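The model shown is predicted, which means the values in this text are computed figures rather than measured ones.
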Amino acid sequence: KLLGELRDRRIYLSVLWPFSYPFYNKLGWSRSQDIINYSMDPSILKREDPGNSGGFFRVNSGEYDLIEPAYLKYVEKFNLPLKRWNDWWDEHIMNHWRINNYCYGWKDGGRARGYVLYHIEEGSGEEWKRKMIVDEMVFEGRTSFSQLLSFLYSHSSQAHEILIRAPFPEEMSFHHVFDDPREVEVTVKPGVMTRIVDVKMALESLSPPEELNGKLRISLRDPVLDFNQGTFDLEVGGGEIVCTRADNDNPRPDVELDVNTLSQVYSGHLSIKQASFLNLKVNDGDKAEILEDVFPPARVFFNEGF
């Protein structure tokens with residue numbers, strides 16, 4: 001009933017934080033994000049003097065507009081970022097789940113070039129430790145990135161450990177920042193799940209490369225939604241996709257997959273090659289290149305809790 005209501009509202013993609021991954025997996029949702037946690041002693045974040053240009057400023061509730069340009073520029077490199085506004089920022093970012101977050105921006109040349117969002121977690125027990133948890137670290141380039149690392153380092157006297165779980169873009173290799181990567185403990189945790197609600201609307205919302213032209217016939221399995229179950233013809237051209245249900249009863253598909261796998265390649269979490277190793281079957285090898293251009297892999301930026 002929920003998926004039907006979403007479809008009626010022309011919402012073609014559902015994203016959720018699950019209480020159980022197997023439960024929602026059976027209903028067509030799939031994990032579409034990896035959250036990489038970097039845990040370290042603050043002392044290793046010391047940088048060479050990044051210079052005196054620019055300066056930091058605190059971002060309070062109701063002041064999201066001060067850092068919005070930096071956020072929008074940064075998330076262009078990701079899939080699934082949400083549009084934000086002041087009320088959303090206050091309720092779902094700054095003061096969510098009774099956690100008081102702090103946000104400091106770094107400004108240079110009259111505007112914010114980046115910001116860091118974090119909160120302090122008090123330890124307990126005999127080995128009491130205070131942890132600084134960084135949920136977002138947005139930067140334009142090397143200079144703003146170094147400034148933010150220096151800002152975190154300046155908290156060495158306030159935190160025994162820094163945990164950075166902010167999404168980094170594909171070209172960013174955080175491990176290479178440090179001389180000794182063994183000083184950083186890395187763990188990977190599952191993130192949000194996604195689900196295609198309406199395959200036609202979802203595919204036609206994509207913008208493939210203008211020069212890409214071709215046709216695909218896909219066979220889709222959906223355990224819940226009959227209107228997604230079946231075979232569809234895709235015509236790609238001019239930066240658009242037209243998706244129609246195949247008119248004959250037993251068409252031979254070029255590609256066979258379930259809605260779970262389609263949701264993962266749609267979000268960018270899985271590449272076509274990775275999906276082919278799992279549940280995606282390509283019957284016509286010549287079509288693989290079209291698939292790879294339609295569904296390029298990309299990292300997911302989805303930090304909102306709800």
Side-chain angles (χ1 to χ4, degrees), residues 11-18 21 28-38 68-84 114 117 135-141 145 164-176 186 188-199 201-212 214 216 218 220 234 236 239-241 243 255 257-280 282 287-305:
I11 296 173
Y12 50 80
L13 184 69
S14 169
V15 184
L16 58 80
W17 292 98
Y21 286 89
W29 278 266
S30 285
R31 175 173 60 89
S32 292
Q33 181 189 34
D34 287 330
I35 300 174
I36 304 176
N37 294 334
Y38 302 92
E68 182 181 51
Y71 168 76
L72 292 178
K73 184 176 180 63
Y74 189 74
V75 298
E76 287 178 356
K77 305 171 184 177
F78 297 85
N79 282 352
L80 302 187
L82 292 188
K83 293 181 180 179
R84 294 171 170 176
L117 176 77
D135 286 312
E136 289 187 18
M137 192 171 172
V138 167
F139 49 91
E140 281 192 10
F145 177 68
I164 299 178
R165 58 190 185 195
F168 291 121
E170 193 72 41
E171 69 271 16
M172 172 66 174
S173 179
F174 193 69
H175 258 130
H176 287 83
V186 181
V188 180
K189 295 187 176 181
V192 294
M193 302 184 81
T194 61
R195 191 200 202 285
I196 297 290
V197 176
D198 185 288
V199 61
M201 281 193 286
L203 294 178
E204 291 186 344
S205 74
L206 295 175
S207 299
E210 288 276 346
E211 66 276 10
L212 182 64
L216 285 170
I218 66 170
L220 184 64
L234 275 61
V236 185
E240 297 181 346
I241 296 177
C243 176
V255 182
L257 73 169
D258 57 21
V259 71
N260 302 72
T261 306
L262 178 61
S263 300
Q264 288 180 304
V265 298
Y266 188 88
S267 69
H269 181 64
L270 287 186
S271 68
I272 294 300
K273 290 182 179 179
Q274 290 172 322
S276 298
F277 187 77
L278 300 172
N279 297 313
L280 184 147
V282 180
K287 303 293 186 179
E289 187 174 342
I290 298 177
L291 279 173
E292 291 169 358
D293 288 337
V294 171
F295 301 109
R299 294 198 175 171
V300 168
F301 190 108
F302 201 97
N303 270 10
E304 270 75 358

* Asked: Got a donor-acceptor contact below 3.5 angstrom from the Asn303 side chain to the Asp135 backbone?
  -> yes
* To do: Flag yes if more than 12 heavy atoms outside Glu240 fall under 6.0 Å of its CD atom; otherwise flag no.
  => no
* Got a second to check how far Leu257's CG is from Asn279's CG, nearest 0.5 Å? -> 9.0 Å
* To do: Could you tell me whether the side chain of Pro167 reaches within less than 4.5 Å of the side chain of Phe78, counting heavy atoms only?
  => yes
* Taking the side chain from Gln264 and the backbone from Leu270, do they hold a donor-acceptor pair closer than 3.5 Å? -> no
* To do: Please tell me if the side chains of Val15 and Arg195 come closer than 4.5 Å, counting only heavy atoms from C-beta onward.
  => no
* Decide side chain to side chain contact (heavy atoms under 4.5 Å, CB included) for Ile272 and Val265; before the verdict, give the C-alpha distance in whole Å, the side-chain angles of both, and the deciding distance to 0.1 Å. => CA-CA 7 Å; Ile272 294 300; Val265 298; 4.1 Å; yes
* Check step by step if side chain to side chain contact (heavy atoms under 4.5 Å, CB included) holds for Lys189 and Asn37. => CA-CA 8 Å; Lys189 295 187 176 181; Asn37 294 334; 3.7 Å; yes
* To do: State whether the side chain of Ser32 and the backbone N or O of Ser30 hold a donor-acceptor pair below 3.5 Å, judged by distance alone.
  => yes
* Does Gln274 CD have over 12 foreign heavy atoms under 6.0 Å away? -> yes
* Structure fact -> Heavy atoms of Gln33 and Val192 approach each other most closely as OE1-N, 3.1 Å
* To do: Would you kindly say whether Asp258 and Thr261 are connected by a side-chain donor-acceptor distance under 3.5 Å?
  => yes
* Using a 4.5 Å cut-off on heavy atoms from C-beta on, say whether the side chain of Phe301 contacts that of Glu136. => yes
* Is Asn79 close to Ser267 at the side-chain level, that is, under 4.5 Å between some pair of heavy atoms? -> no
* **Close side-chain approach of Trp29 and Pro18, heavy atoms under 4.5 Å** => no
* **From CA spacing to verdict: side chain to side chain contact (heavy atoms under 4.5 Å, CB included), Val138, Phe145** => CA-CA 8 Å; Val138 167; Phe145 177 68; over 6 Å; no
* With no hydrogens and no angle check, is any side-chain donor or acceptor of Tyr21 less than 3.5 Å from a backbone partner on Pro190? -> yes
* To do: Please report the shortest heavy-atom distance between Val236 and Pro208, naming the atom on each side.
  => CG1-CG, 3.8 Å
* Asked: Roughly how far apart are Glu204 CD and Asp198 CG, rounded to 0.5 Å?
  -> 9.0 Å
* Could you tell me whether the side chain of Leu72 reaches within less than 4.5 Å of the side chain of Glu76, counting heavy atoms only? => no
* Asked: In Å, rounded to the nearest 0.5 Å, how long is the span from CG of Leu203 to SG of Cys243?
  -> 5.0 Å
* Side chains of Tyr266 and Tyr12 in contact at under 4.5 Å (non-hydrogen atoms) -> yes
* Asked: Is atom NZ of Lys77 surrounded by more than 12 heavy atoms (other residues, nucleotides or ligands) closer than 6.0 Å?
  -> yes
* Structure fact -> The reported gap from CG in Leu234 to CD1 in Ile290 (rounded to nearest 0.5 angstrom) is 10.0 Å
* Is the cationic atom of Arg84 (NZ for Lys, CZ for Arg) positioned less than 6.0 Å from the six-membered ring centroid of Tyr71 and within 45 degrees of its normal? -> yes
* To do: Check Thr194 against Ser263 and note the closest heavy-atom contact, atom names and distance.
  => OG1-O, 3.5 Å
* Structure fact -> Rounded to the nearest 0.5 angstrom, the CD1-CG distance for Ile11 and Leu13 is 10.0 Å
* To do: Mind running side chain to side chain contact (heavy atoms under 4.5 Å, CB included) on Val188 and Ile35 for me, showing each step along the way?
  => CA-CA 6 Å; Val188 180; Ile35 300 174; over 6 Å; no
* Structure fact -> Heavy-atom nearest pair, Ala202 first then Ile196, reads CB-CD1, 3.8 Å
* Donor-acceptor contact below 3.5 Å, side chain Arg299 vs main chain Pro169 -> yes
* Asked: For the residue pair Gly114 and Ala70, what are the closest heavy atoms and their distance?
  -> N-CB, 4.1 Å
* To do: For the residue pair Ser276 and Val282, establish whether any side-chain heavy-atom pair is separated by less than 4.5 Å.
  => yes
* **Aromatic ring pairing Phe168/Phe139, orientation class (parallel under 30°, perpendicular over 60°, tilted between)** => tilted
* Determine the minimum heavy-atom distance between Leu206 and Val294, stating which atoms define it. => CD1-CG1, 4.0 Å
